[in-house]
Structures are given as structure tokens and as C-alpha cells.
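The structure appears right after this line, and notes come after that.
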Amino acid sequence: MRVVNVWIEHPVMDLNRTFTYALKDGMNASRGVRVTVPLSSRFVTGFVDSVEENDLSLEEYSEKAGYEVRYVDKVIDEEPILNAELYELGLWMGHETVSPNIACFQSMLPSKMKPRSNRKASVQEYYVRLLDETKATSEKQKAAVEILKNGDVLRSELNKAFTGITAILERKGIAEVYSKEKEAGYSELDIREADYELTEQQKAAIKKINESDKDVILLHGLTGSGKTEVYMQLAAQKCREGRQVLILVPEISLTPQMVSRMVNRFGHSIAIYHSKLNDQQRYEQYQLVRNHQVSIVVGTRSAVFMPFDNLGLIVLDEEHDHSYKQDSSPRYHCRDVAIHRAQYHHCKVVLGSATPTLESYARAIKNVYELVELKNRIHQNLPSSHLVDMQSEMRKGNYIISSVLEKEIRKRLDNHQQSILLLNRRGYTTIMKCRKCGKVIQCPHCDIAMSYHKDENKLKCHTCGTEMSADMVCPDCGSNNWLHQGLGTQRLYETIQEKFPEARILRMDADTTRKKNGHQEILEAFEKGEADILLGTQMIAKGLDYPNVTLVGIFNADALLGRTDYRSVEVTFDLIVQASGRSGRGHSAGEVYIQAYDTHHYGIRLAARQDYKSFFQYEMEYRHVGDYPPYKYLAAISFNSRNEEKAKTMAWQRADEFRKNEQFKTLGPSQLARSFDEYKYRIVLKGANRDQLIEAVWNWYDSIQFNKQQVKIQIDIDPYVLD
Ligand code: ADP
Ligand code: ZN
Ligand code: ZN
């Protein structure tokens, strides 16, 4: 008898192990093939890990195993859906992120191919194949036969040429119809050249990258220094050598210009892969890569799992971006996966950024990565930046916009130039507070203040999405005298519009981009010059390249510094530098005004000067003193439950256990803000040896089999933020 060991997602238990099933006669399976198997009273889909042969009967085998071994219901794939490399990658990722292997396999495949039971069929195309030309009688049939002699034809095409012909050919036995999975695309290379000369700086960078003996390159280049062109040159080179290229970007809808530049350069040799595609589109892009119909993939995080078999280069643009870290299980970082795959394919990884993570820059300085720099902008010098002290502006009665920034916006309007205004907070105001008793309205499901949205007259929770009418009396004292505090994009929009009634303003935030193509419509309108001012949240800080923008204004630049998270200064620095980089990219010089309450903070001062290297040195000191990455490794484990007692008890028990291990420091548990009605307790492990941390977490995880419906456990190795 043959048995298979299968990874499945258990509906109730949180565990990572295979289940054993017997293969019926005639069933063929191998590693990486999907099967449907019975689990208690239902059927689930899983991945075959291994197949074993033995001389026992099913009864004997069951007796030996100590449980009733059941038969596989159905083998889904003839060929493994994950090839050997991707299968190993899933196992590796499971180990690195301490998550079930089945969760890894699931997140590696587009949902149409995920091992779930409710699988939709892929699109089929129907072709006509010639069987016996001698049976053709009419002129029409003979003409159709002539076409089929040159090869099989789509049924729809044939019927277009000769209405209703296919049915006749089939009936007479002249031809038959068969179905095939829809394929699209081309396989020959389609590469255009740049319509400008590369700068000396770009040439030198490409040469250094090509000649480096390091596997990972950190391309540290100012905003607007021509990094994208470097990626495209390297990509073209690899494609011509017959190898595949993967270019990872943070978020496609926010970087439409980058994508269209790539598409213009690489035509139909490129596939675009991102989360906004529907299932069928994703599946098709996946197949394009699998069938070698494209050489280049531009995509977001999950594109790192595309079925390449001959990768020649991986680029990770804006490598500091937090969207590269998945925030649900498996909590992998795209950069780690990229580097792991590159090792298998013997190719280089280029990490590009104007503001690299401290982790990557530290590795570059230590010569683990090759450091390649682009120190000058292509067209202009960096914009000149000005810090505006809002404490003193407030004394002058300017609460939202400073007099200098107001003057500069006026100037741009007069000169027909564009401005970008960044405020990283949506809504109208951030809190609604009772003037009589001081009560702040909080979300009933989360421990955070509700934001006031004036246009809908609603209060919204930005964590869980709960909404309620803003027409209410104070639940504590019955007063209806409310104070609206804090600044959101809606209110900023209103203020700017009042000051400049003639200005055409576009607002871009999660509220205005909710509908399909919302991002694209706003950005296109701005690009065409249909607006003078683009105002929005961090969505407008990345990647935009509009030559007519000569002013960037940043509001509440120091707002993020209030967070307790170890990375909050880095995140603030990145946001200011990236946003500043949108100014002065064309032929006119740019300016940036940064409004803050604490203008002496090193993160704000150095961001205004775009001084990454000094920032790196300062920030590394703090990380060193606080034992934070890149000096130490972190693992965070949270216990979430609607039952506070359960979460708390479990977290404390675990913390006490971990504390016995002296290889690392165990902090907490600390209670986090409740969200989605769940109470949260978190333990943080800090250690110098990452492998030891992972091993300790695995040892515990393997030893438990707990019910995930009572307490949810979230494990995050190398958490990006800890707020
Ligand atoms: P980055 O990716 O570093 O922000 P980009 O690659 O977007 O910079 O380049 C900034 C601008 O300069 C783009 O509009 C790009 O088309 C243009 N550009 C890039 N390289 C050159 C070059 N060698 N000559 C002229 N223009 C260039
Ligand atoms: Zn009150
Ligand atoms: Zn909420």
C-alpha cells in the first residue's frame, strides 16, 4: 500500500504537521501535488509532502499508526503545482517566520490555485482540430479544412469566418473540438532603448554592480538621481542573456509612472502583478511567467513567489518601505525571500532607496552588501528645505498653516506651478471631545479615539472601520457642546480652499481613493495640470515625478515621533525625505517647507537637510543604547482574545517560561490597545542570535496544540514596528 503525508490547514487547531492518508490504486502523487482529503466530517485540500510504500494493508497500517487511516479522495494535479525550488522555499519560509507550512504554500500561490476547497475553474479556450479532410463536401467545409490544415484554430475564430461551421464539421467527423487553458502573450524579447544618454554616475553605478562579487547590492541614491533607469539597464542586460528579471515595488497604484516607464521600455516582455488584479488576472500573469512568455515581472510583495526558473536579477525598489513586510501569517519580509531565491538562482539582488533601512545600510557599511551610490540628482540640485516652528506660528495665531508656507503657495499659484501638501492623517479632526466633562469619544471595539469626518458627519475608527453618526450627546454628561481637535486632510483641504478660493485642489487619502482606479484618476488629473495643489496622506509621498511641482509643504511633520515604536524616528525621517523629493524634479528649482512643533529633533533637522549619513549615525547610537535592531534581533508574540483573562494568563505563563532561557531577554507581557474587540498582550524577545530566537519560539510552538478560536497567537520574527 502507498500512503502520502499531507500538509493541511486545520480548521480549529493551530499546528504545523502533516496528516497521513492512503492512496487508492491508480492514484499518482508526488511532492508538491495537491490532494483533497477527508478531515472529520468534511473535505479539505492539502499539499503532498512525501509518498511512502509499505507491505501493509490499510487495516494493518491503521493499527500500527493507532488511528484510522483514510483514503485520499482526489488527486488534483498531474504535475506538482510547486516545483522543487518553491516547495523548499515554502518550508524555509515556514521555519524563518515560525508559521505553518501550509500557510506559506497558500500565500505563495495566486488564490485561483490555492489549496482551498472552493476553487474556481480557470478560463478555457476551445480549439478545432482536423480529423478527416476527405469527408468535407461543400465549398464552405473544404475552405474550413484548408484553414485547419495549417494548424488548430480557435472555435470562435472559425465560426466567425464560416458561421456555424464547427458544429457541422464535428457532426460529420471532419474535425473535433478540444479545450485548452487560455494562454496569452508573446515570448520574443521586446526592449526599447532610453531616449537619453546615461549620466556618468549611472554608468559608474552599473559597472560597479556588474563587477561586484557580492550577492546583494545596496543602491543608495537621492530621490530623482536616476535609480529607475539603472534598474531598467540591468534588466535589459539580463533579458538579453536569456534570463528572467523580477522588479519589486511597494505599491503599484501609487507608482503609476514607474510602471508606465517600465511598460514603455519592455512592451510585451513584461508582466505586472499586484494585489488589485482579480483572481483570473493574477492567475494569467502567473501562467505567463511559468510558460516563459514574459521575461520581466514588475510586482508588489507577493510577486516574489512567481514561478521563475532562470532568474538573472531581482530589484527591490524603495527597500525601506513597510509594505514589503506581510502583516498577517506568515509574516515574511519580501527582502529576505528575494535574497533566498537569488541564492538558489545565483543572481544578484539590488536594493534601492534614498533612505535605506538601518539594517541594510549597516550591512553595506560592513561590506556584507556592496554599497553603490548615486549622489547627484539628474536635473536639479535637491530642493532647498525650510523648517517652520509651529510653536511660534501659533503665538501669531496661525494654527494650521504658517505665514511663510501660505506665501509660498500663493507664489506657485501666481506662477502656474504646482504644490504638494502632505498631512499624514485623514478625516477632518482626530478627536471629538466634550467641552463640559472632557470625555473623548472612543471606538466601542478598540481603545482609540474616533476621528471626525465632517463631509459625512460621521465618526470613524481608523483601526476597525466602525462608523457612527456625529450627532450625539455626551454619553457621560448629556451635553452636546463638542470640541473638535486635531488636524486631518479634510480640514486642511477646507482651510486651504478658504485661503485660496481660486486654487484647484485634489485630495488624496484612503477616503477619496476608495473606488476602483481612484488613485489613478487623481494622479492623472494632477499630471495633466488640472489642479494646482495635490493634498494628501503618505500616499502622495512616494515615487511621484512631476516636473512642474516646485513646492512641497509638510504639516505636522513630527506627529509620528510621539509613538513609542523603536522605528518611529526612522519612519519620520523617511517620510520627510521622500516627500521632499517630489519637489524640483524638473528644470525649475524646488523648495520644501516642513512645519513641526519640535524643530530641534535630530530626525526632523537631518531630514530637512536630506542628510542620510548623519541620520544613520545618530540613530544607530539610539538603537545601540536601546538594544534594538540592527544590533539585536527581535521576536514579538501576541496573544489576542475577546476573553481578556485567557489572553493575559497565557501571555504571562509563556513569558515566565521564556524568561528561563538566558540566551535572550524576555520583555513583557505588555498590554496593547484593544482592537476589533480583542484584548492583546505581547511578549518581546531580544537577542543577539537570530537562529536561537527562532529555535526557542519553534520549540514552544511545536509543543502546543491550542485552539485558535479561543486565543489567537501571532508570531512576528523581526517585527517591522512595535507600537
Ligand atoms: P529615482 O528613481 O532615483 O527617483 P528616476 O529614475 O525616476 O530617479 O529619474 C528621475 C528623472 O530623471 C526621471 O524623469 C527620468 O526619466 C529622468 N532620467 C533618468 N536618467 C536620465 C538620464 N540619464 N538623462 C536624462 N534624464 C534622465
Ligand atoms: Zn460630557
Ligand atoms: Zn475600532
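Each ligand, and each atom within it, is numbered from 1 in the order the structure gives. All values derive from a computational prediction rather than experimental measurement.
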Of all the atoms in ligand 1, which lie at a distance below 4.0 Å from a heavy atom belonging to [X]?
X: D545; result: 11 (C), 13 (C), 14 (O)
X: L222; result: 3 (O)
X: L198; result: 23 (N)
X: E197; result: 22 (C), 23 (N), 24 (N)
X: T199; result: 23 (N)

Is there a donor-acceptor pair closer than 3.5 Å between any side-chain N or O of [X] and the backbone N or O of [Y]?
X: R585; Y: R377; result: no
X: Q418; Y: A531; result: yes
X: D611; Y: L606; result: no
X: N480; Y: D471; result: no
X: D532; Y: R504; result: yes

Metal-centred angle, the Zn ion (ligand 2) as apex - SG of C434, SG of C477, 10° resolution:
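Rounding to the nearest 10 degrees gives 100°.
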Considering R261, M258, E318 one by one, which has a heavy atom nearer to atom 15 (C) of ligand 1 than any of the others?
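Among R261, M258, E318, the closest heavy atom to atom 15 (C) of ligand 1 comes from R261.
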Judged on heavy-atom distance to atom 2 (O) of ligand 1, which of V230, D317, D195, T228 sits nearest?
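Among V230, D317, D195, T228, the closest heavy atom to atom 2 (O) of ligand 1 belongs to T228.
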Can you tell me the protein heavy atom closest to atom 20 (N) of ligand 1 and the distance?
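Answer for atom 20 (N) of ligand 1: Q202 NE2, 3.0 Å.
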Can you tell me which residue and heavy atom of the protein come closest to atom 21 (C) of ligand 1, and the distance to 0.1 Å?
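Atom 21 (C) of ligand 1 sits closest to the protein heavy atom Y196 CE1, 3.2 Å.
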Taking the six-membered ring where the residue is Trp, are the ring centres of F676 and H445 under 6.0 Å apart?
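No, they do not, as the ring centres are separated by 6.0 Å or more.
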Check whether the ring centres of Y428 and H484 lie less than 6.0 Å apart, and answer yes or no.
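Ring-ring flag for Y428/H484: false, centres at least 6.0 Å apart.
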Can you tell me if G224 has a non-hydrogen atom under 4.0 Å from ligand 1?
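Yes, that is the case, since the closest heavy atom of the residue is under 4.0 Å from the ligand.
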4.0 Å heavy-atom contact, R585 with ligand 1
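Heavy atoms of R585 do come under 4.0 Å of ligand 1.
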Pair S641, Q710: side-chain N/O donor-acceptor within cut-off below 3.5 Å
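Side chains of S641 and Q710: no pair found under 3.5 Å.
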Please report the shortest heavy-atom distance between L722 and D565, naming the atom on each side.
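Closest approach of L722 to D565, heavy atoms only: N-OD1, 2.8 Å.
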Could K712 and E678 be called an ion pair, given the rule that one side-chain N must be under 4.0 Å from one carboxylate O?
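Judged by the 4.0 Å cut-off on N to carboxylate O distance, K712 and E678 do form a salt bridge.
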How long is the gap from OG1 on T223 to CG on L374, to the nearest 0.5 Å?
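Answer rounded to 0.5 Å: 11.5 Å.
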So, 2.8 Å as the limit: is an N/O/S atom of H462 located closer than that to the Zn ion (ligand 3)?
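Under 2.8 Å: H462 has no N, O or S contact with the Zn ion (ligand 3).
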For ligand 1, note which part of I378 has a heavy atom under 4.0 Å away: side chain, backbone, both or neither.
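For I378, the contact with ligand 1 is made by the side chain alone.
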Are any of the N/O atoms in G226 less than 3.5 Å from those in ligand 1?
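Looking only at distances, the answer is yes, because the N/O contact criterion of under 3.5 Å is met.
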Is T223 in polar range of ligand 1, meaning some N or O pair under 3.5 Å apart?
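Between T223 and ligand 1 (N or O atoms, distance only) the closest approach is not under 3.5 Å.
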Working to 10°, measure the angle at the Zn ion (ligand 3) formed by atom SG of C464 and atom SG of C446.
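My answer is 110°, to the nearest 10°.
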